[in-house]
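Residue numbers start from 1 in every chain, and the chains themselves are labelled A, B, ... in the order their sequence lines are given, proteins ahead of strands. Quick note: numbers below take in every heavy atom, side chains included, and nothing from hydrogens, waters or symmetry partners. Quick caveat, the model's predicted, so the values are computed rather than measured.
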2 protein chains.
Amino acid sequence: MIQSLLYPSLEEASDFINSALRVKNLVVCCGLFSVEYVGRSSSTLGAGERILIIKGDGSVLVHRSKGYEPVNWQPSGCIIRCRVEDGKMILFSERRRPKEFLKAVFDKVYIIFSTSLVDEAKFLMGPSEETFYSILFQHPEFIEKGLRLTSRQKPLSTGVVDFTGIDEGGNYVFVEVKRRTAGVDAVKQLDRYIKSQPTRFRGILCAPSITKQALSLLEKKGYSFRKLDLNRISKLLTIEPFEETLDKHF
Amino acid sequence: MIQSLLYPSLEEASDFINSALRVKNLVVCCGLFSVEYVGRSSSTLGAGERILIIKGDGSVLVHRSKGYEPVNWQPSGCIIRCRVEDGKMILFSERRRPKEFLKAVFDKVYIIFSTSLVDEAKFLMGPSEETFYSILFQHPEFIEKGLRLTSRQKPLSTGVVDFTGIDEGGNYVFVEVKRRTAGVDAVKQLDRYIKSQPTRFRGILCAPSITKQALSLLEKKGYSFRKLDLNRISKLLTIEPFEETLDKHF
DNA sequence: GCCTAGGTCCCGTGA
DNA sequence: TCACGGGGCCTAGGC
């Protein structure tokens, strides 16, 4: 069920929003407005035509005509109020922790609608980093021949190392897994783990690919890179490789 | 200027979207639909009521009833097509690099509107990390009395150190600046820089606050923490402190 | 083009 | 509650 108003007065729009807020409906409002934000940072945005979205959980999004990201926003859990004052509609949103405030001042509302989105569907996502861990833990040969893994997600003083193990030569090993191109950060992470140990550990960084700088740093530190074959792992997960999913749905 | 349709047929909605795409208008569409995504990852989302937004630059956002983040999306620059097939409206978006595909299959469209958002306003944001660097470089007394800074953003073998300098006692100093609470990573970073040097350097970590673990590690390493007073720096920038901005606008 | 660093990142998880 | 690390992160800037 949709309620909507085309070119409402600011009073009508304000009443409309307050009604929607009471029943925690989603509101989409297109109009001419300015935005102020103060909190972790601060910003001002002069008047212009934009979209403002209020969700039932108290999140607010302001979208301009371009780009993925909202220009201003509040995450869920905010307290939202709306009123008309001095001929402007003011939408105010307050976040408690951290203290953050967002205010949109409307000169005009072009269209506004509200609805309770009935949506019980499960969102299913492809394999995550955690999924790869599981498979690799059961199949350490993907990382290195003769490698025995002794623990996973082991907490150290400086973080959580993905795998610990013992290689064919009997050396203690730390393995850091990335499911996408490993950058210098990944090398630094691995290095932190190894440096934190009193005894000697080999370091293995395991990823589908690695940036040039990361590889150079890795080699300088004396650690190893192991290329991860995602398609082979996908097969073990009975997950369709990219091309097959594509063929099926697109 | 707004065009809108309430409870259109899928053919009407499809024509409406294609018209809007031609002139690169923004489109907001509320309906019952499912979403498939394949690319860097993959996901499927069964049928449910949601909002789909298409922007003139080729970005696509799918929002459910809760949360800041879109459940599915494409960043700007995508090629978007819309058609009706087997009694469903299919919105297809293709990203070139990386190759990514998003498909929304509509059972129903409840409301749809399109508009060219006229919005020339400048977005003005509060001070960024770079702004703080500049001010601190010109006012090293905020970091430590008698400190002379000799360079900023100096590249080392293991990263880029924010400042190098010489303290009142004539010691060489590395300064790492964080705009928000410093964690163990910041300490490790500073430590890496100092360890990479053949000669002795003092380490100063400069941030508004520091986590307990980070402070304990910092002290163990023999480095110093300097509290950064954001309000005092704001004044130098002729930027209003939090409370004043709040008083003025809220 | 690749890669790094920052973000009002958001968000989940574990201590 | 705080702190840490992942993310289809996105986006800007450097090379």
Side-chain angles (χ1 to χ4, degrees), chain A residues 35-43 59-62 66-78 93 95 97-102 123 125-130 132-133 153 155-156 158-162 176-186 188-189 192 209-217 242, chain B residues 37-43 59-62 66-77 95 97-102 123 125-133 153 155 159-160 162 177-186 188-189 209-215 242:
Chain A
V35 186
E36 303 281 341
Y37 154 76
V38 184
R40 285 164 294 179
S41 182
S42 62
S43 70
S59 37
V60 179
L61 305 168
V62 178
K66 289 174 202 301
Y68 161 87
E69 293 185 328
V71 61
N72 282 111
W73 72 91
Q74 292 277 48
S76 62
C78 294
S93 159
R95 187 183 186 188
R97 209 168 16 255
K99 269 261 176 267
E100 297 196 288
F101 303 90
L102 186 147
F123 179 66
M125 194 140 96
S128 67
E129 191 153 319
E130 176 53 32
F132 283 111
Y133 292 150
Q153 301 292 98
L156 309 174
T158 51
V160 178
V161 64
D162 288 330
E176 180 63 28
V177 180
K178 295 290 165 196
R179 53 190 280 258
R180 294 183 293 115
T181 304
V184 284
D185 272 7
K188 290 171 182 171
Q189 213 178 326
R192 242 197 352 259
S209 58
I210 184 166
T211 68
K212 220 175 291 180
Q213 277 102 328
L215 183 59
S216 132
L217 181 60
F242 184 89
Chain B
Y37 153 76
V38 184
R40 284 164 296 177
S41 181
S42 62
S43 70
S59 37
V60 179
L61 304 167
V62 177
K66 288 175 202 300
Y68 160 88
E69 293 184 329
V71 60
N72 281 110
W73 71 90
Q74 293 278 46
S76 62
R95 188 183 185 188
R97 206 166 23 251
K99 270 260 176 267
E100 298 197 287
F101 304 90
L102 186 146
F123 179 67
M125 193 139 95
S128 66
E129 189 152 319
E130 176 52 31
T131 316
F132 282 110
Y133 290 150
Q153 300 292 97
V160 178
D162 288 331
V177 180
K178 295 291 165 198
R179 198 160 65 86
R180 297 189 295 115
T181 305
V184 283
D185 273 5
K188 292 288 178 184
Q189 211 177 329
S209 59
I210 185 166
T211 68
K212 220 176 289 181
Q213 273 117 319
L215 183 60
F242 183 90

If you restrict it to nitrogen or oxygen atoms, what contacts under 3.5 Å exist between nucleotides 3-5 of chain D and the protein, and what is each distance?
{"from": "dG5(D)", "atom 1": "OP1", "to": "Arg192(A)", "atom 2": "NH2", "distance (Å)": "3.4"}

Reckon [X] has a side-chain N or O less than 4.0 Å from the OP1 or OP2 of [N]?
X	N	answer
Arg40(B)	dC9(D)	yes
Arg95(B)	dG8(D)	no
Arg179(A)	dG6(D)	no
Trp73(A)	dC9(C)	no
Arg180(B)	dT8(C)	no

Checklist entry - Between Leu102(A) and Pro155(A), which is nearer to the 5' end of DNA chain C once each is assigned its nearest nucleotide? => result Leu102(A)

Using whole Å, report how far [atom1] of [X] lies from [atom2] of [N].
X	N	atom1	atom2	answer
Met125(B)	dG6(C)	CE	P	14 Å
Tyr133(A)	dG6(D)	OH	P	6 Å
Asp162(B)	dT4(C)	CG	P	18 Å

Applying side chain to side chain contact (heavy atoms under 4.5 Å, CB included), name anything that partners [X], two or more places apart in sequence or on another chain.
X	result
Ser209(A)	Thr181(A)
Ala182(A)	Lys178(A), Ala186(A), Leu205(A), Ala207(A), Ile210(A)
Tyr68(A)	Leu61(B), Pro70(B), Trp73(B)

Find every protein N or O atom lying less than 3.5 Å from an N or O atom of nucleotides 11-14 of chain C, and list the pairs.
{"from": "dC11(C)", "atom 1": "OP1", "to": "Tyr68(B)", "atom 2": "N", "distance (Å)": "3.2"}

Set of residues satisfying side chain to side chain donor-acceptor pair (under 3.5 Å) with respect to [X], sequence neighbours excluded:
X	answer
Thr211(A)	none
Glu69(B)	none
Arg180(A)	none
Arg179(A)	none

So do the side chains of [X] and [Y] get within less than 4.5 Å of each other, counting heavy atoms only?
X	Y	answer
Ser41(A)	Met125(B)	yes
Asp162(A)	Gln153(A)	yes
Arg40(B)	Arg95(B)	yes

Checklist entry - What distance, rounded to whole Å, do you find between the two P atoms, one in dG6(C) and one in dG8(D)? => result 22 Å

Checklist entry - For dA12(D), which nucleotide is its Watson-Crick or G-U wobble mate, given both distances must be under 3.5 Å? => result dT4(C)

If you restrict it to nitrogen or oxygen atoms, what contacts under 3.5 Å exist between nucleotides 13-15 of chain D and the protein, and what is each distance?
none

Next on the checklist: Which heavy atom of Gln74(B) sits nearest to which heavy atom of Glu100(B), and what is that distance?
Outcome noted: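 Closest approach of Gln74(B) to Glu100(B), heavy atoms only: NE2-O, 3.3 Å.
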
